[in-house]
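Inspection log for the structure reproduced underneath, given as structure tokens.
Side-chain atoms are counted along with the backbone in the values below, which use heavy atoms only and exclude waters and symmetry mates. Residues take their numbers from the sequence shown, with the count starting at 1. Quick caveat, the model's predicted, so the values are computed rather than measured.
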Amino acid sequence: QVQLVESGGGLVQPGGSLRLSCAASASIVSINLMGWYRQAPGNQRELVARITGGANTDYADPVKGRFAISRDSARNTLFLQMNSLKPEDTAVYYCNAHRYEQYPTAGWYDYWGQGTQVTVSS
């Protein structure tokens, strides 16, 4: 089991910045893939950015060049630096951990945080 707790959301003006954090209850060294997703009202949850254990990153096209994902293994924390925010970035942002586990049944497991609200508005 991995528990994830997001923080850092809030209200920001267009063009502003926010830094989201996701604290994990387990060592993130054991987590194969971590990512940030977002869900706006009326929309499906969508991938924002993800990072592998080897620090390879992948971004959704709308956030490329503006957002940066990183992980700090010493603090078991995932980050999302968001710059040049736009109103269309408004959503609840969720942290995800994707890990292979042996028990109770060997396979890939997904864990989610409770989400943090990001609102971009003047």
Q | Approximate separation, where rounding is to 0.5 Å, of Arg45 CZ and Arg38 CZ | A | 13.0 Å
Q. Rounded to the nearest 0.5 Å, how far does CZ of Arg71 lie from OG1 of Thr57?
A. 11.5 Å
Q: Could you tell me whether the side chain of Val92 reaches within less than 4.5 Å of the side chain of Tyr94, counting heavy atoms only?
A: yes
Q. What residue among Asn96, Thr77, Ile28 forms side chain to side chain contact (heavy atoms under 4.5 Å, CB included) with Met34?
A. Ile28
Q | Pairs satisfying salt bridge (charged side-chain N to carboxylate O under 4.0 Å, His left out), at least one member in residues 96-108, at least two apart | A | Arg99-Glu101
Q: Check whether Leu85 and Val63 end up in the same hydrophobic cluster, where Ile, Leu, Val, Met, Phe, Trp and Tyr are linked by side-chain heavy atoms less than 4.5 Å apart.
A: yes
Q. At their closest point, which heavy atom of Val48 faces which heavy atom of Tyr37, and how far apart are they?
A. CG2-C, 3.9 Å
Q. Does CD belonging to Gln1 count more than 12 external heavy atoms closer than 6.0 Å?
A. no
Q: Could you tell me the separation between the OG atom of Ser7 and the OH atom of Tyr93, rounded to the nearest 0.5 Å?
A: 15.0 Å
**Q.** Nearest heavy atoms of Leu18 and Gly8, plus distance in Å
**A.** CD2-O, 3.8 Å
Q: State, to 0.1 Å, how close Ala49 and Leu80 come at their nearest heavy-atom pair, and which atoms those are.
A: CB-CD1, 4.3 Å
Q) Above 12 or not: heavy atoms from other molecules or residues under 6.0 Å from CD of Gln3? A) no
Q: Specify the closest pair of heavy atoms between Ala91 and Gln117, including all atoms of both residues, with the distance to one decimal.
A: O-NE2, 3.5 Å
Q: For salt bridge (Lys or Arg N to Asp or Glu O under 4.0 Å), just list the numbers for Lys86 and Asp89, CA-CA rounded to whole Å, side-chain angles, deciding distance to a tenth of an Å, and then say yes or no.
A: CA-CA 5 Å; Lys86 304 175 181 179; Asp89 294 318; over 6 Å; no
**Q.** Residue pair Asn32, His98: steps toward the side-chain contact (heavy atoms from CB on, under 4.5 Å) verdict
**A.** CA-CA 6 Å; Asn32 307 82; His98 187 66; 5.5 Å; no
Q) Does the Trp112 side chain pair with the main chain of Leu4, one donor and one acceptor, at a distance under 3.5 Å? A) no
Q) So do the side chains of Pro62 and Phe67 get within less than 4.5 Å of each other, counting heavy atoms only? A) no
Q | Heavy-atom closest pair, residues Cys95 and Leu78 | A | SG-CD2, 3.8 Å
Q.
Using only atom types and a distance under 3.5 Å, with no angle test, would you say the side chain of Glu6 pairs donor to acceptor with the backbone of Gln114?
A. yes
Q: Following the transitive rule for hydrophobic clusters with a side-chain heavy-atom cut-off under 4.5 Å over Ile, Leu, Val, Met, Phe, Trp and Tyr, establish whether Leu47 and Val118 coincide in one cluster.
A: no
Q | Residue among Val12, Val120, Leu20 satisfying side chain to side chain contact (heavy atoms under 4.5 Å, CB included) with Met82 | A | Leu20
**Q.** Separation of Asp58 CG from Leu33 CG (nearest 0.5 Å)
**A.** 9.0 Å
Q | Considering all heavy atoms, the nearest Tyr100-Ala106 contact | A | OH-CB, 3.6 Å
